[in-house]
Amino acid sequence: MKQTETTSSSVAAEGRKRGKWGYIWPLWTTLLLHLLAILLFTAGFLLTRTELPYHSQCSDVSLSPCFSSNNGSCWTKPAVNRVVLIVLDALRFDFVAPSTFFAESKPWMDKLPVLKNAASTRPLSARIFKAIADPPTTSLQRLKGLTTGGLPTFVDVGNSFGAPAIVEDNFINQLVQNGKKVVMMGDDTWTQLFPHHFERSYPYPSFNVKDLHTVDNGCIDHLLPSLYEEDWDVLIAHFLGVDHAGHIFGVDSTPMIEKLEQYNTILEKVIEVLENQSGPGSSHENTLLVVMGDHGQTLNGDHGGGSAEEVETALFAMSFKKPLSSVPAEFDSCSIQQDLDGKNVCISSMQQLDFAVTISALLGIPFPYGSIGHINPELYALGADSWNSDASQKLSESDVWMQNYANALCINSWQVKRYVDAYSASSAVGFSHDEFSRIASIYAQAENHWSHSTKKILLDRQNNSDISVSALKKQIDEYFKFLTAVTELARSKWTEFDLNMMGIGIGIMLISLIFQVFTVLRTTKEHDVTLSSSGGSWIVNGSILTIFLLAIRAFSFLSNSYILEEGKVANFLLSTSGVVTLRQSVIKGKLLIESIGFLILSTFCQFAIEVGLSKQAATSAFMKDYTSWIINIASGLPVWDYAAEVVPIAVLILLAAWLYKATRGSFFDWPWKYFILGTILSYMLIIAHWITDSNRFDGALIPQSVGRTYIPRIIYAIALGQLLFLTFGQLFKKSNLDCKTNLVAKTTSMLSAWSSTVILLSGKQGPMVAFASIFGGCFIMKFVNIEGKDGPHRSFSIMQWSLFATCLFFCSGHWCAFDGLRYGAAFIGFEEFVLVRQAILLTIDTFGFSIILPVFGLPFLVASKYQANHGKHFIFTQLSQMYTTYGLITAITTTFTILCVTIQRRHLMVWGLFAPKFVFDVFNLILTDVFICLASIYYFDQGRDDPEVKSPGG
C-alpha cells in the first residue's frame, strides 16, 4: 500500500512537470509520421500511368505505311454517318442474353426481349456481344476507358465522386476536332469529363442512389425528340436507373425488373423511330445504334472490383442498312443457342478496350492517340455495305470487307506502335528493353509482310487481279498478334511503381512503430508496474499472448485467402482470447459467467460475419428493401417479417431505457442528465423514421417527406449540437467531479452523442450491433480486473478491444472493398448530392462501430481499473499508454498490409483485392489516429484532482 501511494505521488509530481500537452504530443507526432509515410508510399504505389499530351491528327496517317481514305475523310473510310449510343449503367450480361445461355433461369432474365428479337431476326445487321471491362469497374474508369481506348488506373477510383476533365486524347475529342456534333443527356459525369465538347447537353445529378427516376426521365424526355433532329452526328444517352436499383434493392428485386421493362419499352420506340427514318435519303439511312453497359454488377448491386459479374456487361449493335452476307469464320466469335421461342440467337464477345478504336474506324475519324485496343471485326462488319460501291464487281462482299479491314488494322497497329514508342520515351519507367524489343520485333514482322506482300495485292486490285485471301488472313493474324501482345503487356505493366518512394514510405512507417513502442515503454515505466506483484505471471503470459494474437493477425494479411476471410480470422482470434480469459476465470474462481457470455457473444458475431460474407459473395436476398442483413434471413416466414420490423425498435427502446437509467446516477447532474436525454430523444426520432419508412406500419400520422427527410436531419442536428457542447463546454465550465467520475461522465456523453447518428445510418441492424458492442465492451472492462486491484498490464484487454472492433466492422455488413460501401446510407435525410456531406455520412456509416465508438469508449478500461487517490495525472498516464498501444496495434496490422501490396504488386489480384484492402486499412489507420488525437484533447482536461495527491508527499 505504501508503494502504491508513493507511486501515485510520484506520478502526480511528474504529471505537473509535463502538463496536459506532455501526454498528447506523442499521439499527434504519430499521426504526422503516419500521414507522411502513407502519402509517400501511395505516391509510389498508386501512380497513374503517364498520360501523354499528344493528340491524333488527320494528317498523321501519311506517316504510316497504310492506305489513307481518299474521299476527304481521315484515316479510314467511314462506314456509318451517325451513331446513337445508349449507355445503361451497370447492365449485367444476363440482363440482355437469353436465359437459355445460362444454367439456371432467374427472374431478371429475358426482360429486354427487344434486343434479343432484333439479334435473332436480323443476325447479320444486329448482334449481341458479351463485353468484358477492365477493373476497377466504377463508372468513371469505364467511361475513361471507353472513350480513350486505354486501361483504367486504380488511383482514379478516388475521383469517382468528382470526375476531372479528361485531358488525354479520346473519342469525344476526336469527334469535335473533326467537325462532328455530339449531343448528350443523362449522367452528369459526361459533362464533368468533357465540359466543352457537346453541342447540346442535358446532364442530371448521378450520385443520389436512392433516386431511380430523375436521370432516366430526363433521358426519356430528350432522347426520342432528338432522334428527329439533324444537329448531331453522335447522340449519347446515359441511363442510371438499373445501377441505382441494384445499389438499393439488389438485382433480384421488383424495382430492378420494373426498370428493365421500362428500358425495353424505350428501346422498342428508339428502334422503331430509327427504322422508320432509315430509307434512302432519310436522316438515319446510315445510323448505327449501340446499346451497352459500362460495367456489370453483383447480385447485391455492387461494382468496382474484378469479379465476373462486375466485368461482364453487354453490348448490342444494330445497323439499319443492307448487311454483309457473312463475316469470315476466322474472325467470328459467335456462339449460337436457341432462345425460349426456339429462335437462334448469336452472341459474340469483345473487350471494352476495343470500343473506342472500332467506333472511330466506323466513323472515319482518327483513333485516340493512347488507344491500345484493336478494331473488333464483327462490330466493324456492321458497316460493310458502305464500301461495296467502290469495289470491282468481281470481288465478293467478304473480300471487300477483308481488304478494308486489313488496311484499318494496319492503321490501328501503326497507331498503337507509335503510342508505345512515345510512352517508352516519355515515361519515367516505360517498358523494359526486352519487352520493348519483343513488341518491336512482332510489329516489324507484320509491317514487313504488309510492305512486301499485302500492300501490293491491294494495289493490284485496280487491275482486277485475283485477291489472295490467305495472304490477307495472314496479315490480319499478324496484326492481331501484335495488338494482343501490347494489350497483355500493358495489363501487366501499366502501373508504374516507384520503389524508391514506396521504400521511403515503409521506412517512415517502421520509424513510427519504433516511436510508438518507445512511447508505450516510457509511459509503462512512469506507471511503475512491477512484475513482482501478485499478477506478475499473468502479466507476462498476457503480454506474450497479445504479441502472439497480433502476429497471427498481421501475418495473415500476407495471404490473399486470409484477406478474403479477414472477418473470420478476427473472430477466431477474439474467441481464442475469450478461451484464455475463461481459463483464467476458472483458475481465479471469478467472472465465470462473464467469460462464458463473451464466448457466446463471439459466436453470434461469427454468425453475423458469415451472413455478411454470403452477402458479399452471392446472395441478393440480403438487399431487398433495407441495407440490414437481418431482414431476409427467413423472409418466407410472415412472423419473422414482423419480428424483423419490431425487434430493432424494441432493442432501441431498451437502449434508451438503459441510458435513462444511467442518468439517475448521482454524478449525472446538469448538464450531463439533459445531454443524455437529447440522445434518448434522437432514439425516439429514429423509431419514428423507421415507422414512416416502413410499409407495415400506418405512417399517416407523419408524412413521408417529414419522416424520411426532416427527421434524420433533426437527429444530425441534435448530435452535432451535442458534439459542439462537449467540445467547447469544458472551456467555460470547470468540472467539480473527481477524476474517475468525470472520466465516466465524459465518456458516456461522447458515446451517446455519436450513437444516434451511427445507429440511424446503419439501418435496422444498428440497434443490435450497438447492443452487442455494449455487452462486449462491458465484458472486456470486467476482464481488466480479473487479477484483482493490482491487476496486469492492459495490452491483452486492448488487443481484445481492437479485435472486437474489427469484428463489429464485418458484423455491420461491411468488408474491405468498394462494393462493400453502403452508398444509400450517405443519402439518409438528403436527396441531393453534396460531396463533403455525403462523404462524412458514408464514413460514419462505414467506421462508426469499428473506429469512432471504440476509440471514444477506450477510457472505460482506465475507469474500470482506477483506484482511489491516484489522481488525474495518473489517469493521464494510463490514457496515454492505452491510446498509444491501441494505435500501435492498428499501425502494425496496416504496416503488414503495406508490405503485402509491396510484395504482391504484380499479383493478378493486386487491383481487385490487395489495393482495396490497402486503401481501407490506411484510411482506417489515419481515421483511428485522428480520433485518438481528438479524444486525447477531449479527455485530458483539467478536472478536479483527488485531494490526497495534491502534493508529492500526500
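- The residue from Tyr443, Trp75, Tyr419, Tyr479 that alone fulfils the ring-ring contact (aromatic ring centres under 6.0 Å, His included) condition with Trp414 is Trp75.
- A salt bridge (charged side-chain N to carboxylate O under 4.0 Å, His left out) check over residues 414-426, counting only residues at least two apart or in different chains, returns the pairs Asp60-Arg418, Lys417-Asp421.
- For Lys269, the side-chain contact (heavy atoms from CB on, under 4.5 Å) partners are Leu224, Thr265, not counting sequence neighbours.
- Looking at residues two or more places apart in sequence or on another chain, you find a side-chain hydrogen bond (donor to acceptor under 3.5 Å, both in side chains) between Glu310 and Ser307.
- For the ring pair (Phe, Tyr, Trp, His ring centres under 6.0 Å) condition, the pairs that include at least one residue of residues 268-297, sequence neighbours left out, are Trp232-His284, His295-His303.
- Cys219 pairs by the disulfide bond (SG atoms under 2.5 Å apart) definition with nothing, not counting sequence neighbours.
- For Phe320, there are no ring pair (Phe, Tyr, Trp, His ring centres under 6.0 Å) partners two or more places apart in sequence or in a different chain.
- One finds a salt bridge joining Arg92 and Glu309 here, because a Lys/Arg side-chain nitrogen approaches an Asp/Glu carboxylate oxygen to under 4.0 Å.
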Enumerate donor-acceptor pairs with a distance under 3.5 Å from any side-chain N or O in residues 118-126 to protein atoms, sequence neighbours excluded.
from	atom 1	to	atom 2	distance (Å)
Ser120	OG	Lys116	O	3.2
Ser120	OG	Asn117	O	3.0
Thr121	OG1	Asn117	O	2.7
Arg122	NE	Ser125	OG	3.4
Arg122	NH1	Glu275	OE2	2.7

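- Sorted by first then second residue, the salt bridge (charged side-chain N to carboxylate O under 4.0 Å, His left out) pairs that include residues 358-374, not counting sequence neighbours, number zero.
- In this structure, Arg142 has no salt bridge (charged side-chain N to carboxylate O under 4.0 Å, His left out) partners at least two apart in sequence or on a different chain.
- Summarising the geometry, atom CD belonging to Gln337 is positioned 4.5 Å from atom CZ belonging to Phe101; distances are rounded to the nearest 0.5 Å.
- Not less than 6.0 angstrom separates the ring centroid of Tyr369 from the ring centroid of His55.
- By the salt bridge (charged side-chain N to carboxylate O under 4.0 Å, His left out) test, Glu378 pairs with Arg127, sequence neighbours left out.
- With sequence neighbours excluded, no residue satisfies side-chain hydrogen bond (donor to acceptor under 3.5 Å, both in side chains) with Trp450.
- Residues Phe316 and Phe129 place their aromatic rings such that the two centres sit no closer than 6.0 Å.
- Considering only residues two or more places apart in sequence or on other chains, Asp477 meets the salt bridge (charged side-chain N to carboxylate O under 4.0 Å, His left out) condition with none of them.
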